[in-house]
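Just so we're on the same page: letters track the sequence lines, and every chain starts at 1.
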Protein chains: 2
Amino acid sequence: MAKSSNLKTAALEKSSHLEYFKIAVSVDCVIFGYEEKELKVLLIKSDLKEFAGLYSLLGDLVRPDEDLDKASYRILKERTDLDDVFLQQVHTFGTVNRHPSGRVVSTAYYSLVNINNHKLKINNNDLRWHTVKNVHKLAFDHKEILATSLLHLRGQIEEHPVIHNLLDEKFSLRELQEVYEAILNTPLDRRNFRKKITLKNWLVDLNEMEDNVSHRPGKLYKFKPKLIKNNKLT
Amino acid sequence: MAKSSNLKTAALEKSSHLEYFKIAVSVDCVIFGYEEKELKVLLIKSDLKEFAGLYSLLGDLVRPDEDLDKASYRILKERTDLDDVFLQQVHTFGTVNRHPSGRVVSTAYYSLVNINNHKLKINNNDLRWHTVKNVHKLAFDHKEILATSLLHLRGQIEEHPVIHNLLDEKFSLRELQEVYEAILNTPLDRRNFRKKITLKNWLVDLNEMEDNVSHRPGKLYKFKPKLIKNNKLT
DNA sequence: CCAAAAGTGTTCTGGCTACACCCATGG
DNA sequence: CCATGGGTGTAGCCAGAACACTTTTGG
């Protein structure tokens, strides 16, 4: 048994630290999409005077009774109306002066969504998709958060089939390759790409062909169903 | 120019969110060391009644005027009296009920220190080194934090020379291999290990020999000086 | 001479890269 | 018949894994 002489209860400990509850906790979501052979990111025009004219990531303060992970789902749901979406924590940014409103520690999450599945809520000019390559200046430290998240994403697509979140259910190998090229920002050799993908054993051949293409149609594939379950852990 | 009609100043925004400043932000440090062919972690006996008898990681609340990263350095410095130590953020843990004292979001950092360099401050039984393999139950969610950090560490030692932080300046290849084996918790082939390390080109041959060993002495090496600078980024 | 660890090279396998030709379809 | 992309295989290189013998030192 531990000596209990100087043990304190949790309630006691809390009261002695009240002065520390002066830091706000927020979540910023780096929501990636794919469209027209470009990797996109969903940005919103900042509503702070300090950053007038600049875009920022989608973020919000975490509620006192809300898990950190849940907060990121809430933000995503509010903005894209998508449930059951891929989301993963990237890094936490906590320098003192990163937010002009006061001390805010923010945890970044990145997400991959299929742009076609939720054109609904995005019809104004303040919230729209931006080509990642062309994003140069963002509010707060959001450029750094975006860069960190992109590196994270590049690492993940080599090892995990997360990329399915960006695509429709059925796709050709060319389409898949184009998504990889957009994310990695580099061209890939077709034969080597196909070999590598085959080796990973992520895909099912649907025995269907592309349609509506003005050239020889390619075969269609989908990701194995067991891989696109449990988005949260993939 | 953006329409400024519904822009608000940062100060204004802050006042409208005061009710959110109810989450405490803390840092937990997973301080790894190496001794007697074992990977160790520095743990302290919890001072909460709820966790009487259990050990926990070293952590503290982040001060309102203190960068998150700085907070982790402060904790490390307070406990080990070491400056200029390797520290890296791992993950942020933010479920609502992870701390019995109230809502605490905690960012985990891991650190690698040379146990021989600071025997000073660690002489009581409440703060001591534990063999990682034998750690089974910790206070809070610290077991999970430890596990996540260990995975992170295992990934890093393959790509970055961070392992030098665990060793004395001069060491033999056998000693180095033993540290890798302790971290990976698996035996390695001597010849392959030496080839791989040579290929990484991290080491300088000191043209010195081991001493005080009762067998054929090995050559001594050190890490290239430029690699052991800027600990914070290695 | 014994115990303990140092030091060293080859073979096999698998993944990664570079690279070129014929085929199917639509227009 | 032309344009567009589909589909396919080989050779070279490199990294990783398995594996055994001789050498040096202390005791």
Side-chain angles (χ1 to χ4, degrees), chain A residues 34-38 154-161 163 167-168 170-223, chain B residues 34-38 154-161 163 167-168 170-223:
Chain A
Y34 172 79
E35 200 177 42
E36 292 169 359
K37 309 196 181 182
E38 301 271 21
R154 285 180 181 161
Q156 298 249 306
I157 59 173
E158 306 286 352
E159 296 168 32
H160 302 285
I163 208 166
L167 284 160
D168 293 333
K170 302 176 180 188
F171 51 86
S172 67
L173 290 180
R174 174 180 43 78
E175 288 172 307
L176 182 60
Q177 180 176 340
E178 283 166 357
V179 185
Y180 271 93
E181 290 175 335
I183 294 173
L184 298 173
N185 194 28
T186 186
L188 301 174
D189 176 84
R190 192 161 80 246
R191 280 172 293 188
N192 293 337
F193 176 77
R194 284 162 188 246
K195 248 180 305 177
K196 204 164 149 183
I197 282 291
T198 306
L199 218 51
K200 290 191 197 295
N201 205 24
W202 289 342
L203 303 183
V204 184
D205 183 342
L206 289 168
N207 291 312
E208 290 178 60
M209 290 296 183
E210 271 184 311
D211 217 344
N212 305 320
V213 288
S214 71
H215 57 264
R216 174 174 175 180
K219 290 169 100 171
L220 292 177
Y221 296 81
K222 67 172 184 179
F223 278 85
Chain B
Y34 172 79
E35 199 177 44
E36 292 170 358
K37 309 197 181 180
E38 301 271 22
R154 285 179 181 161
Q156 297 249 309
I157 58 172
E158 304 287 351
E159 296 168 32
H160 303 285
I163 208 166
L167 283 160
D168 292 333
K170 303 177 180 186
F171 50 86
S172 67
L173 290 180
R174 172 181 45 80
E175 287 173 307
L176 182 60
Q177 179 175 343
E178 282 166 355
V179 184
Y180 271 93
E181 290 176 335
I183 294 174
L184 299 173
N185 196 26
T186 185
L188 301 173
D189 176 84
R190 192 163 78 246
R191 279 171 293 187
N192 293 337
F193 175 78
R194 284 163 186 244
K195 248 183 303 180
K196 204 165 151 185
I197 282 290
T198 306
L199 217 50
K200 290 190 197 298
N201 205 25
W202 289 343
L203 302 184
V204 183
D205 183 341
L206 288 169
N207 290 313
E208 290 178 59
M209 289 295 182
E210 272 183 313
D211 219 343
N212 304 322
V213 287
S214 71
H215 56 266
R216 175 173 174 180
K219 290 169 99 172
L220 291 177
Y221 296 81
K222 65 173 185 179
F223 278 86

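Ionic pairing of A:Glu158 and A:Lys196 is present here: one or more N-O contacts between side-chain nitrogen and carboxylate oxygen are shorter than 4.0 angstrom.
Comparing B:Ser172 and B:Asn192 by the nucleotide of DNA chain C that holds the closest heavy atom to each, the one mapping nearer the 5' end is B:Ser172.
More than 12 non-hydrogen atoms from other residues, nucleotides or ligands lie less than 6.0 angstrom from NZ of A:Lys200.
Reading DNA chain C from its 5' end, the first and the last nucleotide to sit under 4.0 Å from a heavy atom of chain B are C:dA4 to C:dT10.
Here the side chains of B:Lys195 and B:Thr198 are not in contact, with every heavy-atom distance at 4.5 Å or above. Side-chain contact between B:Arg174 and B:Gln177 is absent, with no heavy-atom pair separated by less than 4.5 Å. Side-chain contact between A:Glu208 and A:Lys219: absent, with no pair of heavy atoms (C-beta onward) separated by less than 4.5 Å. Two residues are said to be in side-chain contact when any heavy atoms from C-beta on lie closer than 4.5 Å; B:Ile163 and B:Tyr34 fail this criterion.
In this structure, the side chain of A:Tyr180 engages the main chain of A:Ile157 through a donor-acceptor pair within 3.5 Å. With B:Glu38 contributing its side chain and B:Glu35 its backbone, the two residues share no donor-acceptor pair below 3.5 Å. At least one donor-acceptor pair closer than 3.5 Å links the side chain of A:Asp205 to the backbone N or O of A:Asn207.
The base of D:dT4 lies outside donor-acceptor range of the side chain of A:Arg216, with no N or O pair under 3.5 Å.
Ring centroids of B:Phe223 and B:Phe171 are separated by less than 6.0 Å, placing the two rings close together.
Residues from residues 173-191 of chain A lying near DNA chain C, meaning a heavy-atom separation below 4.0 Å, are A:Asp189, A:Arg191 in numerical order. Of the residues in residues 194-205 of chain B, B:Arg194, B:Lys195 come within less than 4.0 Å of DNA chain C through at least one heavy atom, sorted by number.
A:Phe193 places its CZ atom 13 Å from the P atom of D:dG7, with the value rounded to the nearest Å.
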